[in-house]
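Just so you know, these numbers come straight off a predicted model, no measurement behind them.
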Amino acid sequence: MSVVEQYARAHIVTDADLAEEDFLAVPVVLRYDPEDPRSVRVGLPDRREWTFSRALLEQGLRAPAGTGEVRVWPCGRVQAVVEFHSPHGVSVVQFESKTLLRFLRRTYMATAQQPVTH
């Protein structure tokens, strides 16, 4: 059982006045540990790591999902948004949907490779 770790590029969405270079993609780490098969983790550039339901991520790629600290929804035909709420504010991160789909596919492959125990 190996951990799935995928590096991705995402955009932090904000309404603040930012310089043009701040709109560039930022590095994000997507993680899945088969020891915790119902959860995924997203590591943001501010070194904050969010853990939430793998099912929420999957559902949010098709239709808006989530009501608590993490919300996910499709954004157009090729992008998805993941919104993280904390006492310090909200981070809105925009991904290419295919990146998240590829990650989910790898998590299911990792789960399928686990030995069956009785």
Side-chain angles (χ1 to χ4, degrees):
M1 291 190 291
S2 61
V3 172
V4 173
E5 188 170 271
Q6 180 174 315
Y7 294 87
R9 308 282 299 162
H11 295 273
I12 306 295
V13 179
T14 179
D15 61 357
D17 290 331
L18 297 175
E20 186 173 321
E21 62 271 10
D22 291 331
F23 288 107
L24 299 175
V26 297
V28 176
V29 180
L30 306 169
R31 287 190 183 93
Y32 171 78
D33 186 344
E35 295 290 325
D36 185 11
R38 293 189 174 133
S39 298
V40 293
R41 295 184 209 147
V42 176
L44 298 178
D46 63 3
R47 300 179 192 220
R48 169 82 194 234
E49 186 172 81
W50 292 84
T51 302
F52 58 98
S53 162
R54 178 169 66 167
L56 171 65
L57 180 58
E58 187 173 1
Q59 292 165 2
L61 291 174
R62 293 187 304 268
T67 58
E69 292 182 343
V70 180
R71 299 170 189 169
V72 183
W73 66 89
C75 180
R77 294 173 33 165
V78 297
Q79 296 180 333
V81 171
V82 183
E83 185 177 277
F84 302 101
H85 292 256
S86 76
H88 305 290
V90 177
S91 294
V92 179
V93 184
Q94 190 172 38
F95 291 89
E96 286 189 19
S97 297
K98 68 181 179 181
T99 299
L100 297 176
L101 288 167
R102 185 178 319 117
F103 172 67
L104 281 171
R105 187 171 34 252
R106 290 181 65 209
T107 70
Y108 286 110
M109 287 172 44
T111 305
Q113 294 172 2
Q114 292 183 22
V116 177
T117 58
H118 297 280

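- Leu61 is listed as a side-chain neighbour of Leu104, based on a closest heavy-atom distance under 4.5 Å.
- The two residues Arg9 and Phe95 make their nearest non-hydrogen contact at O-CD2, 4.4 Å.
- Scored by the side chain to side chain donor-acceptor pair (under 3.5 Å) test, Ser91 finds no partners at all (sequence neighbours excluded).
- Residues passing the side chain to side chain donor-acceptor pair (under 3.5 Å) test with Arg41, sequence neighbours excluded: none.
- Tyr7 shares a hydrophobic cluster with Val29; the chain of contacts runs through ILVMFWY side chains whose heavy atoms sit under 4.5 Å apart.
- Residues passing the salt bridge (charged side-chain N to carboxylate O under 4.0 Å, His left out) test with Glu49 are Arg31, sequence neighbours excluded.
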From CA spacing to verdict: side-chain contact (heavy atoms from CB on, under 4.5 Å), Leu30, Leu100: CA-CA 9 Å; Leu30 306 169; Leu100 297 176; 4.0 Å; yes
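- The line from OG1 of Thr111 to CZ of Arg54 is 4.0 Å long, rounded to the nearest 0.5 Å.
- Listed by chain and residue number, Asp36, Thr51 satisfy the side-chain contact (heavy atoms from CB on, under 4.5 Å) test with Ser39 (two or more places apart in sequence, or in another chain).
- Residues Val40 and Val4 have side chains not in contact (no heavy-atom distance under 4.5 Å, counting atoms from C-beta outward).
- Residues forming a side chain to side chain donor-acceptor pair (under 3.5 Å) with Thr99 (at least two apart in sequence, or on another chain): none.
- With respect to Ile12, the side-chain contact (heavy atoms from CB on, under 4.5 Å) criterion is satisfied by exactly one of Val92, Val28, Val26: Val26.
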Please tabulate, one pair per line, all N/O donor-acceptor pairs under 3.5 Å involving side-chain atoms of residues 72-90, not counting sequence neighbours.
unit_1	atom_1	unit_2	atom_2	d
Gln79	OE1	Gln94	NE2	2.7
Glu83	OE2	His85	NE2	2.5
His85	NE2	Arg71	NH1	3.4
Ser86	OG	His88	N	3.1
Ser86	OG	Gly89	O	3.4

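- Within the structure, salt bridge (Lys or Arg N to Asp or Glu O under 4.0 Å) pairs that include any residue of residues 97-110 comprise Glu96-Lys98 (at least two apart or interchain).
- Looking at heavy atoms from C-beta onward, Val3 lies out of side-chain contact with Tyr32 at the 4.5 angstrom threshold.
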